[in-house]
Number of protein chains: 2
Amino acid sequence: MELVQIYECLCDRTRLRLLHLLTQGPLCVCHFQSVLREPQVKISKHLAYLRTRGLVTVTRRGNWMVYSLPEKPSRELAANLACLQDCAAEEPAFRQDLARLKKLAPAVEECGCAPK
Amino acid sequence: MELVQIYECLCDRTRLRLLHLLTQGPLCVCHFQSVLREPQVKISKHLAYLRTRGLVTVTRRGNWMVYSLPEKPSRELAANLACLQDCAAEEPAFRQDLARLKKLAPAVEECGCAPK
DNA sequence: AGACTATATTCCGCAAGAGGTATTTAGTTT
DNA sequence: AAACTAAATACCTCTTGCGGAATATAGTCT
């Protein structure tokens, strides 16, 4: 994958938030919805964008689609995700997302999307 | 500056090349032209894009406009430039740019744009 | 002042992407 | 099978950005 394609994926706020959350572990669309508080279609489309470019992977679990970062990300992707995680720690919006994700943790476990 | 705005600047191949070269030190437009081998208008417009967003600074030296990275880049910018430099080392196109820049080094010194 | 040089800007057409509404798909439950 | 659910896709409109041709600007040199 070319470096510029990674940056194309990172240059939208919603996608940044999605990827940032994924650094914490796999998540399904419904959880992105609760954390980002954005409409389903918006989230789905950005996940599709990331998926077609190989930045995330999906597996279906019943009705739920569980998104993850690739098992073996390229060096470039890994470096940039680390950088994102580092920088996000300083921007309130990202920290808020993380906080919401933590509060959601129990629900994530119960959800049909969670591996048993 | 918001993180996403940095990525907006990084999501174009020409701008990536420009910024990558600037990590080596200040340069004027004519040098970008010789290294990138792209038309002047294209380079100027991308530099303007970066300038208006604060990723580069300019000073005029006679007829030449000398571009640099900011003296005190934000933490986010610094981190991403470091990451870019690291990743670029693996992509041939960027390495070629660096090679061309080195061959150009004498010309850079002689050029009217160089500080005396 | 006039010619020249390096660079910036304007204007154009075009393509990509973002967001929304409506609809579809795929799986589950009863 | 019918109803239901989570998520994806299609279609639309609007905006942004890219690239190129032509032109403008600002400084230098004679």
Side-chain angles (χ1 to χ4, degrees), chain A residues 2 4-19 21-22 26-53 55-68 104 107-108 110-116, chain B residues 2 4-19 22 26-53 55-68 104 107-108 110-114 116:
Chain A
E2 289 210 19
V4 67
Q5 290 167 342
I6 293 179
Y7 289 123
E8 283 168 0
C9 289
L10 297 180
C11 75
D12 175 88
R13 164 174 302 283
T14 304
R15 289 196 293 267
L16 271 187
R17 294 173 74 194
L18 293 172
L19 288 168
L21 286 178
L22 281 175
L27 286 170
C28 76
V29 180
C30 57
H31 300 126
F32 287 124
Q33 281 183 254
S34 345
V35 173
L36 301 201
R37 305 191 178 171
E38 297 277 4
Q40 179 258 327
V41 61
K42 183 168 172 181
I43 289 173
S44 264
K45 281 202 289 190
H46 282 296
L47 286 169
Y49 186 106
L50 295 172
R51 183 167 23 91
T52 59
R53 285 156 181 86
L55 292 229
V56 303
T57 60
V58 214
T59 58
R60 176 178 282 276
R61 179 171 292 272
N63 269 336
W64 294 268
M65 302 295 277
V66 183
Y67 284 82
S68 324
L104 205 70
V108 172
E110 294 166 24
C111 175
C113 70
K116 294 141 200 170
Chain B
E2 289 208 19
V4 67
Q5 291 168 341
I6 293 178
Y7 289 124
E8 284 168 1
C9 289
L10 298 179
C11 75
D12 175 88
R13 163 175 303 282
T14 304
R15 288 196 294 268
L16 271 187
R17 294 173 74 193
L18 293 172
L19 288 168
L22 281 176
L27 286 170
C28 76
V29 180
C30 57
H31 300 126
F32 287 123
Q33 280 183 252
S34 344
V35 173
L36 301 202
R37 303 188 181 173
E38 297 276 5
Q40 178 258 324
V41 61
K42 183 167 172 180
I43 289 173
S44 262
K45 282 202 289 190
H46 282 296
L47 286 169
Y49 187 106
L50 295 172
R51 183 167 23 90
T52 60
R53 286 156 180 86
L55 291 230
V56 303
T57 59
V58 214
T59 58
R60 176 179 283 276
R61 180 171 291 272
N63 268 335
W64 294 267
M65 302 296 277
V66 183
Y67 284 82
S68 324
L104 205 70
V108 171
E110 294 165 24
C111 174
C113 70
K116 293 141 201 169

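In what follows, chains are A, B, ... by sequence order, proteins preceding strands, each numbered from 1.
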- prompt: At what distance, to the nearest 0.5 angstrom, does CZ of R13(B) lie from CD of E8(A)?
  reply: 9.0 Å
query: Rounded to the nearest 0.5 Å, how far apart are CG of L18(A) and SG of C9(A)?
result: 11.0 Å
message: Judged by each residue's nearest nucleotide on DNA chain D, which is more toward the 5′ side, Y67(A) or Y49(B)?
response: Y67(A)
query: Looking at DNA chain D, which of residues 36-46 of chain B put a heavy atom within less than 4.0 Å of it?
result: P39(B), V41(B), K42(B), K45(B), H46(B)
message: Under 4.0 Å from a heavy atom of chain B: give me the 5'-most and 3'-most nucleotides of DNA chain D that qualify.
response: dG17(D) to dT28(D)
query: Do V35(B) and L27(B) have side-chain heavy atoms sitting under 4.5 Å apart?
result: no
message: Looking at every heavy atom in both V4(B) and D12(A), which two are closest together, and how far apart are they?
response: CG2-C, 3.8 Å
Under 3.5 Å donor-acceptor pairs involving side-chain atoms of residues 42-50 of chain B, not counting sequence neighbours:
{"unit_1": "K42(B)", "atom_1": "NZ", "unit_2": "E38(B)", "atom_2": "OE1", "d": "3.1"}
{"unit_1": "S44(B)", "atom_1": "OG", "unit_2": "Q40(B)", "atom_2": "NE2", "d": "3.2"}
{"unit_1": "H46(B)", "atom_1": "ND1", "unit_2": "R15(B)", "atom_2": "NH1", "d": "3.1"}

- prompt: Does any residue of residues 6-16 of chain B have a heavy atom under 4.0 Å from DNA chain D, and if so, which ones, in number order?
  reply: D12(B), R15(B)
- request: Could I get the full list of side-chain contact (heavy atoms from CB on, under 4.5 Å) partners for T57(A), not counting sequence neighbours?
  value: S68(A), P70(A)
field: Heavy-atom closest pair, residues L22(A) and Y67(A)
entry: CD2-O, 3.3 Å
I6(B) side, atom CD1; Y7(A) side, atom OH - distance, nearest 0.5 Å: 10.5 Å
task: Output the distance between atom CD (Q33(B)) and atom SG (C30(B)), rounded to the nearest 0.5 Å.
output: 7.0 Å
query: First and last nucleotide of DNA chain C in contact with chain A, 5' to 3', at under 4.0 Å to a heavy atom: what are they?
result: dG17(C) to dT28(C)
